[in-house]
Student: 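This is the structure, below, for whatever I ask next.
Scope of the values below: all heavy atoms of this structure, side chains included, with no hydrogens, waters or symmetry mates.
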Amino acid sequence: MGIDMRCRPPLPEFRAYFDIPRITWHGRRTGALEVSPAFVAGSMSMFIDEMDEAGIELAVVQGRNSPAVFMGKQFNAAFIPNELLAELQDSHGGRFVCQAGIDVSNTAHNAVAEVERCVKSLGLRGIFVEPGRALQAPPDDPRMFPVYEKCL
C-alpha cells in the first residue's frame, strides 16, 4: 500500500497558500519533474486519478493555522479550516486521513481547546504543529507542553 504522508490536495485553501510558483520551487528541490496537473487545475477527481496511477491508497493531509511571521523573510499567514479537513476525511471513501492545523502561538485559537475540539468533535486523526514558525522555538520548548499533554 502506498501512503502519501504529506499530501496537499488541490482544494482552493491549499492552492491559495501553496501557489504554483512556490510548489514548483519546492518540487524542483525534491526532484519532482512537474507540478501535479490536478493541483494546477484544482481538480479533486484528477487528483484521485493521479493517486491511483501512482499506487497511493491513502493520503495524510496536514492542516495549517499559521499566522504571518517574519523569520529572515516574510512567511504569509496560512489558514485552512479544520472543518474543511474533517469534510475531506469523511469523503472520498476513506482515502484521506487529516491532521488538524494547530496554532501553538494561540493567535488563531486556543491551541489546547482546538486539539480537543478537532479530535473529539470533528474526528480528525491527529494534529500538525509548527513550533519553529509559530513560536520560533524547537519542538521541546516548554510552551509546547500543554499541547503535548492534551494529546496524551
Side-chain angles (χ1 to χ4, degrees), residues 2-32 34-36 38-44 47 50-51 54 56 58-92 94-152:
I3 301 174
D4 180 343
M5 291 299 297
R6 195 165 172 98
C7 176
R8 294 186 175 124
L11 300 172
E13 293 80 359
F14 281 87
R15 292 174 75 235
Y17 183 72
F18 298 106
D19 58 39
I20 301 306
R22 177 190 311 255
I23 206 128
T24 300
W25 179 81
H26 281 292
R28 285 187 182 135
R29 288 182 53 222
T30 58
E34 66 177 344
V35 174
S36 154
F39 195 86
V40 173
S43 170
M44 280 301 293
F47 192 69
E50 287 178 3
M51 288 174 61
I56 303 297
L58 183 68
V60 180
V61 181
Q62 292 81 22
R64 283 196 182 255
N65 278 295
S66 304
V69 65
F70 184 82
M71 297 187 312
K73 71 175 192 169
Q74 184 67 33
F75 288 83
N76 295 332
F79 294 103
I80 297 172
N82 288 320
E83 294 79 7
L84 175 73
L85 298 170
E87 290 172 19
L88 178 64
Q89 182 174 273
D90 292 343
S91 64
H92 302 289
R95 298 286 302 264
F96 297 95
V97 171
C98 296
Q99 300 176 336
I102 303 297
D103 172 23
V104 293
S105 75
N106 293 309
T107 302
H109 49 240
N110 175 292
V112 171
E114 186 67 358
V115 167
E116 183 163 350
R117 182 183 83 86
C118 287
V119 173
K120 288 187 176 179
S121 298
L122 298 179
L124 294 173
R125 306 287 294 279
I127 69 167
F128 177 76
V129 295
E130 296 182 285
R133 176 181 172 149
L135 302 174
Q136 296 187 29
D140 63 351
D141 186 284
R143 293 173 289 177
M144 292 295 300
F145 295 172
V147 171
Y148 296 152
E149 288 170 13
K150 178 52 76 175
C151 290
L152 291 173

Student: Applying salt bridge (charged side-chain N to carboxylate O under 4.0 Å, His left out), which residue pairs with at least one partner in residues 100-109 are found, sequence neighbours left out?
Tutor: none

Student: Between Phe47 and Pro10, what is the shortest heavy-atom contact and its length?
Tutor: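 The answer is CG-CD, 3.5 Å.
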
Student: Do Phe96 and Asp90 have side chains that approach each other closer than 4.5 Å (heavy atoms only, starting at C-beta)?
Tutor: no

Student: Evaluate the side-chain proximity of Arg64 to Phe18: yes if any heavy-atom separation is below 4.5 Å, no if none is.
Tutor: yes

Student: Is there side-chain contact between Val104 and Met144, with heavy atoms separated by less than 4.5 Å?
Tutor: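 Yes. Closest side-chain heavy atoms under 4.5 Å.
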
Student: Flag the pair Phe128 / Val61 as yes when at least one side-chain heavy-atom distance between them is below 4.5 Å, and no otherwise.
Tutor: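 They are not in contact (no side-chain heavy atoms under 4.5 Å apart), so the answer is no.
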
Student: Please list, chain by chain and in numerical order, all residues satisfying side chain to side chain donor-acceptor pair (under 3.5 Å) with Tyr148, sequence neighbours excluded.
Tutor: none

Student: Pairs under 3.5 angstrom only: tabulate donor-acceptor contacts from the side chains of residues 79-89 to other protein residues two or more places apart or in another chain.
Tutor:
unit_1	atom_1	unit_2	atom_2	d
Asn82	OD1	Gly101	N	2.8
Asn82	ND2	Gly101	O	3.3
Asn82	ND2	Glu114	OE2	2.8
Glu83	OE2	Arg117	NH1	2.9
Glu83	OE2	Arg117	NH2	2.8
Gln89	OE1	Cys98	N	2.8
Gln89	NE2	Gly123	O	2.7

Student: Run the side chain to side chain donor-acceptor pair (under 3.5 Å) test against Thr107 and tell me which residues pass, sequence neighbours left out.
Tutor: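 For Thr107, the residues satisfying side chain to side chain donor-acceptor pair (under 3.5 Å) (neighbours in sequence not counted) are Ser105.
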
Student: Do Gln62 and Arg8 come close enough that some side-chain heavy atom pair is under 4.5 Å?
Tutor: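 Of all side-chain heavy-atom pairs linking Arg8 with Gln62, none is under 4.5 Å.
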
Student: Any heavy-atom pair between the side chains of Pro146 and Val112 that's under 4.5 Å?
Tutor: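 Of all side-chain heavy-atom pairs linking Pro146 with Val112, at least one is under 4.5 Å.
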
Student: How about Arg125: does its CZ atom have over 12 heavy atoms from other parts shown lying under 6.0 Å from it?
Tutor: no

Student: CZ of Arg133 to CE of Met71: how many Å apart, nearest 0.5 Å?
Tutor: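 Between atom CZ of Arg133 and atom CE of Met71 there are 6.5 Å.
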
Student: Taking salt bridge (charged side-chain N to carboxylate O under 4.0 Å, His left out) as the cut-off, I'd like each qualifying pair that reaches into residues 19-31, sequence neighbours left out, listed once.
Tutor: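 Qualifying pairs, neighbours excluded: none.
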
Student: Run the side chain to side chain contact (heavy atoms under 4.5 Å, CB included) test against Ile3 and tell me which residues pass, sequence neighbours left out.
Tutor: Met1, Met5, Leu58, Val60

